[in-house]
Amino acid sequence: KAGVTQTPRYLIKTRGQQVTLSCSPISGHRSVSWYQQTPGQGLQFLFEYFSETQRNKGNFPGRFSGRQFSNSRSEMNVSTLELGDSALYLCASSLGVGDGYTFGSGTRLTVV
Amino acid sequence: GESVGLHLPTLSVQEGDNSIINCAYSNSASDYFIWYKQESGKGPQFIIDIRSNMDKRQGQRVTVLLNKTVKHLSLQIAATQPGDSAVYFCAENRDAGNMLTFGGGTRLMVKP
């Protein structure tokens, strides 16, 4: 079966711009989570959506937002980009709580 | 687990030897644990998981041990191969939805 698909793979943006990243979960998976990975902070939880509702949110500023559509696809948006937002953004999907989480290959965002 | 930042602990083993990667988790309320493998340029790949009502689980060439008394998790890889070279992360789920907290990671290097 197809895995978790994230687009685009690479992105370069200018400070102050906004960006939207997309994630298509494994078919049948209704939970989608987003993580930020940086060399300095490691993997950090951003937020999780289930059936179009945000269930959990990590400790990130309000510039980071997301949503989930009825087909379980999810997008995350970062507004007013800062240099420190440069990171690998990872999406993971699962059937439900504690059912194992499958990650996509991520979107590498570079802010210049 | 706590992030160790830029300088990942490194475990260097000879091909064919067994590897043991350790992880200390932080929350005694965590009830689900996962080991992930991440290769360069890829997202984390699920290796094996274990629930808090177990203390050992075996997969193909891998074994996870859970010691709840000291909040310690380990991953044992039997007959380590060059393809096992990667960064390994432990993650804990704190029963509040699909929010994983990751350890800082350990880099495994396999010498041929």
Side-chain angles (χ1 to χ4, degrees), chain A residues 1 3-7 9-10 21 23-26 29-51 53-60 66 68 72 74 87-108, chain B residues 1-10 21 23-27 29-54 57 59 62 64 66 73 86-107:
Chain A
K1 58 181 177 181
V4 178
T5 303
Q6 291 189 247
T7 57
R9 286 298 311 276
Y10 303 93
L21 312 181
C23 172
S24 293
I26 290 173
H29 284 193
R30 296 166 64 189
S31 170
V32 174
S33 304
W34 289 89
Y35 291 81
Q36 182 196 64
Q37 186 175 26
T38 60
Q41 298 299 318
L43 278 149
Q44 293 188 295
F45 173 79
L46 280 156
F47 28 65
E48 185 241 353
Y49 288 87
F50 185 87
S51 294
T53 301
Q54 186 182 90
R55 289 199 300 192
N56 291 288
K57 190 176 192 303
N59 190 24
F60 278 82
Q68 187 179 35
S72 294
S74 178
L88 180 67
Y89 289 89
L90 292 158
C91 165
S93 78
S94 72
L95 280 169
V97 176
D99 283 324
Y101 308 85
T102 303
F103 281 83
S105 295
T107 294
R108 171 75 62 186
Chain B
E2 296 294 324
S3 170
V4 294
L6 282 168
H7 303 290
L8 290 175
T10 298
I21 300 171
C23 176
Y25 65 92
S26 55
N27 192 328
S30 294
D31 57 3
Y32 180 55
F33 304 87
I34 310 175
W35 279 100
Y36 283 97
K37 170 187 180 183
Q38 188 175 27
E39 297 172 286
S40 182
K42 298 183 179 180
Q45 176 189 353
F46 175 94
I47 301 173
I48 191 167
D49 59 1
I50 189 167
R51 299 190 186 277
S52 59
N53 60 352
M54 303 171 70
R57 191 163 187 228
V62 294
V64 55
L66 174 63
L73 200 62
V87 177
Y88 289 80
F89 294 95
C90 65
E92 59 183 297
N93 183 287
R94 302 182 185 187
D95 74 6
N98 286 351
M99 174 182 157
L100 293 176
T101 300
F102 282 84
T106 297
R107 187 180 306 280

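A note on names: the letters A, B, ... follow the listed sequences, proteins ahead of strands, and every chain is numbered from 1. Both backbone and side-chain heavy atoms feed into the values below; hydrogens, waters and symmetry mates do not. These numbers come from a predicted model, not from an experiment.
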Region of B:Gln38 in contact with chain A, defined by heavy-atom distances below 4.5 Å:
side chain
Side-chain donor-acceptor pair present, A:Gln6, A:Ser105, cut-off under 3.5 Å:
no
Chain B contact via A:Leu43 - side chain, backbone, both or neither, heavy atoms under 4.5 Å
both
Counting only non-hydrogen atoms closer than 4.5 Å, does A:Leu88 touch chain B with its backbone (N, CA, C, O), its side chain (CB onward), both, or neither?
side chain
Once salt bridge (Lys or Arg N to Asp or Glu O under 4.0 Å) is applied, do any residues pair with A:Arg9, and if so which ones, sequence neighbours excluded?
none
Do you know which of B:Ile21, B:Ile50, B:Val62 makes side chain to side chain contact (heavy atoms under 4.5 Å, CB included) with B:Trp35?
B:Ile21
Taken in chain and number order and not counting sequence neighbours, the residues that satisfy salt bridge (Lys or Arg N to Asp or Glu O under 4.0 Å) with A:Lys57 are none
A:Gln37 versus chain B, the contacting section by heavy-atom distance below 4.5 Å:
side chain
All heavy atoms of A:Gln68 vs all of A:Ser51, minimum pair found to be OE1-N, 3.2 Å
Please classify the contact of A:Tyr35 with chain B as side chain, backbone, both or neither, using a heavy-atom distance under 4.5 Å.
side chain
